[in-house]
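Contents: one structure, followed by commentary.
Whatever order the structure lists them in is the order used to number ligands and atoms, beginning at 1.
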Amino acid sequence: MNKRIITAALTGAIHTPSMSPYLPVTPEQLIEEAVRVHEAGAAVAHLHVRDPETGLPNADQAIYRKIAEEVKRQCDIVLCFTTGGKLGESAENRVRVASNLRPELTSLNAGSLNFGLFHITENVREWKYDWEKPYLEGTEDFIFPNTFKTMRQYLEIIYANGAKPEFEIYDVGMINNLAFLIQKGIAKQPVYLQFVMGILGGIPATLENLVFLVNTARTQIKEFEFSVCAAGRHQIPMCAGSLILGGHARVGLEDSLYIEKGVLAKSSADQVKKIVNIARELGIQPASPQEARQILGLKGMDQLGF
Ligand code: KMH
Ligand code: ZN
């Protein structure tokens, strides 16, 4: 059976509460969303956490644990924890979740980039919280730091805790970064690539660029699985392109707040259902969490730290 991994990125650290009433903020909302996306066909839930009162992204370990334990109690979805965290979070705080929770999967951002969000403030008429506008506008002068040193340090921690890194690739040079880390024995094959497309500061979300990324990865990295996530209106078309090229797909309100032009998605599960329907029309079935574990070589739920 042609099985592919559908990931749902539930909340992220990009969108802010004033942009959508459906953006999950509290642990309870995130737990509900993780179960909902599992029912809709997602095999992996990608998790960030936020201050439950204000929605400000953070790296609160107690909140991570509360969500992880409750979701695990309710379903067997794979949990992928971000090591990207809130924009501007310290390197130590970002990666702490890997040693605290000993998850199966964590992100690993494979290079630094300008992470521009200042332009998305235009379509918000009224701000609920004081932090939102400065957080977004501040990205005009923000570089998302992922140096070779922090990548090495993160990978040591991730591997020491039995997790697999999902390498976030925002541009073609990051494939070269990863090829270097593999060659030095710092990153282990087979690797799992998440092509992150359409971020201002990264590679534009076009099919030509996706083919370019896949071909470059085939040239520079021997064994890999790849997935695609794309910002905003590019989300579904680029995920469909990934499926056609043999890849996996990531949707979720972290990357797009919409289900179609001008219509806010009420849940990441709506986007999961949409990409699952497209996959099925292409003769592709969504992988179950267990099948995703086999595809990615994950350690299984009996070795988690939660
Ligand atoms: N926020 C996405 C653009 C991470 O969390 O470490 C990429 C991402 C990376 O999800
Ligand atoms: Zn993320």
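- Looking only at atom types and distance, the side chain of T11 has a donor-acceptor partner in the side chain of R50 under 3.5 Å away.
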Give one line per pair: atom of ligand 1, protein atom, distance. Only N/O to N/O under 3.5 Å.
unit_1   : atom_1 : unit_2 : atom_2 : d
ligand 1 : 1 (N)  : E254   : OE2    : 2.7
ligand 1 : 5 (O)  : H46    : NE2    : 3.1
ligand 1 : 5 (O)  : H48    : NE2    : 2.9
ligand 1 : 5 (O)  : T82    : OG1    : 2.7
ligand 1 : 6 (O)  : T82    : OG1    : 3.0
ligand 1 : 6 (O)  : G84    : N      : 3.4
ligand 1 : 6 (O)  : S107   : OG     : 2.7
ligand 1 : 6 (O)  : N109   : ND2    : 2.9
ligand 1 : 10 (O) : H46    : NE2    : 3.1
ligand 1 : 10 (O) : R250   : NH1    : 3.2
ligand 1 : 10 (O) : R250   : NH2    : 3.0
ligand 1 : 10 (O) : E254   : OE2    : 2.7

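- Residues H38 and D76 have side chains that bring a donor and an acceptor to within less than 3.5 angstrom of each other.
- Taking the centre and axis of the six-membered ring of Y192, the NZ or CZ atom of K164 falls outside the cone set by 45° and 6.0 Å.
- Remark: L193 CG to I221 CD1 distance equals 5.0 Å, nearest 0.5 Å.
- Between E32 and R36 there is a salt bridge, since at least one side-chain N of the basic residue sits less than 4.0 Å from a carboxylate O of the acidic one.
- The only option from I158, L298, T7 that meets the side-chain contact (heavy atoms from CB on, under 4.5 Å) definition with L105 turns out to be L298.
- Near the Zn ion (ligand 2), less than 2.8 Å away, sit the protein N, O or S atoms H46 NE2, H48 NE2, E254 OE2.
- Interatomic distance, Y154 OH to I186 CD1, rounded to the nearest 0.5 Å: 15.5 Å.
- Between the side chain of Q29 and the backbone N or O of T26 there is at least one donor-acceptor pair closer than 3.5 Å.
- Going from atom NZ of K86 over to atom OH of Y135 covers 7.5 Å, rounded to the nearest 0.5 Å.
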